[in-house]
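Remarks on the structure that follows.
We number each residue from 1, following the sequence as shown.
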Amino acid sequence: MFEFALVSMLMLVVVLGLIDFGYLFYARVGAYEQTRIAVRYAAINPAAWKNSQPPPGNSIEGQLRLNGVQLPNDNAHVTISYLVPGVGAATVCGSYDASTDAFSPAAAKATCVVSGHVVRIQASYLYNFLTPFLKSTFGSITIHTDASALIE
């Protein structure tokens with residue numbers, strides 16, 4: 001009985017840790033998928049930005065929302081930039097600024113957010129562990145995602 005009590009506690013910690021890490025990888029796959037969905041949405045609607053909390057579903061940021069994983073709608077966690085393709089590396093011609101809810105240009109928006117250019121979305125999701133032991137040890141983990149698409 002005493003040995004079972006010792007082993008069962010250890011087994012419970014291991015099983016709960018496995019479940020938590022499984023959910024972390026599930027959230028990671030979901031975060032990458034949501035970023036791909038959002039960049040496809042941005043390729044069709046390149047100027048559909050909203051800085052509201054939570055963002056509406058008909059915005060680029062709204063397409064990034066994922067259940068169970070936090071994604072604050074600010075410049076530190078969501079970056080939407082527009083690139084001009086060319087020889088070698090693409091040049092950034094502007095980006096969306098959530099603090100002003102407007103386009104922040106390196107070039108004019110009319111010449112930047114056009115068909116044939118590239119939209120790039122980078123998101124930093126915050127995953128909080130479910131198990132108290134892992135939550136106290138690791139706190140939260142940031143899942144960084146990145147996706148690009150050609151504006152249609």
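With sequence neighbours excluded, no residue satisfies ring pair (Phe, Tyr, Trp, His ring centres under 6.0 Å) with Tyr125. Considering only residues two or more places apart in sequence or on other chains, Asp146 meets the salt bridge (charged side-chain N to carboxylate O under 4.0 Å, His left out) condition with Arg120.
The nearest pair of heavy atoms linking Pro85 to Gly116 is CG-O, 3.5 Å.
Val119 and Val84 are not part of a single hydrophobic cluster, where members link through side-chain heavy atoms under 4.5 Å apart. One hydrophobic cluster, built from ILVMFWY side chains closer than 4.5 Å, holds both Ile80 and Leu66.
Each side chain to side chain donor-acceptor pair (under 3.5 Å) pair with one or both residues in residues 2-15, not counting sequence neighbours, would appear here, but there are none. Counting only residues at least two apart or on different chains, no salt bridge (charged side-chain N to carboxylate O under 4.0 Å, His left out) pair has a member in residues 92-103.
Rounded to the nearest 0.5 Å, atoms OG (Ser140) and CZ (Phe129) are 8.5 Å apart. Taken to the nearest 0.5 Å, the CG atom of Leu64 stands 8.5 Å off from the OG atom of Ser59. The OG atom of Ser99 sits 9.5 Å away from atom CG of Asp74, with the distance rounded to the nearest 0.5 Å. Note that the CD atom of Gln53 and the CG atom of Asn73 stand 5.0 Å from one another [nearest 0.5 Å].
In this structure, Leu126 stands alone, with no Ile, Leu, Val, Met, Phe, Trp or Tyr side-chain heavy atom under 4.5 Å from its own, directly or through other members.
Here the side chains of Ile37 and Tyr41 are not in contact, with every heavy-atom distance at 4.5 Å or above. Residues Thr79 and Ile121 are not in side-chain contact: their nearest non-hydrogen atoms beyond the backbone lie 4.5 Å or more apart. Side-chain contact between Phe103 and Cys112 is present, with heavy atoms from C-beta onward closer than 4.5 Å.
Judged purely by distance below 3.5 Å, without hydrogens or angles, the side chains of Thr35 and Thr145 pair a donor atom with an acceptor atom.
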Donor-acceptor contacts, no H, no angles, side chain residues 11-24, under 3.5 Å, sequence neighbours left out:
{"unit_1": "Asp20", "atom_1": "OD1", "unit_2": "Tyr127", "atom_2": "OH", "d": "2.9"}
{"unit_1": "Asp20", "atom_1": "OD1", "unit_2": "Leu130", "atom_2": "N", "d": "3.1"}
{"unit_1": "Asp20", "atom_1": "OD2", "unit_2": "Leu130", "atom_2": "N", "d": "3.0"}
{"unit_1": "Asp20", "atom_1": "OD2", "unit_2": "Thr131", "atom_2": "N", "d": "2.8"}
{"unit_1": "Asp20", "atom_1": "OD2", "unit_2": "Thr131", "atom_2": "OG1", "d": "3.0"}

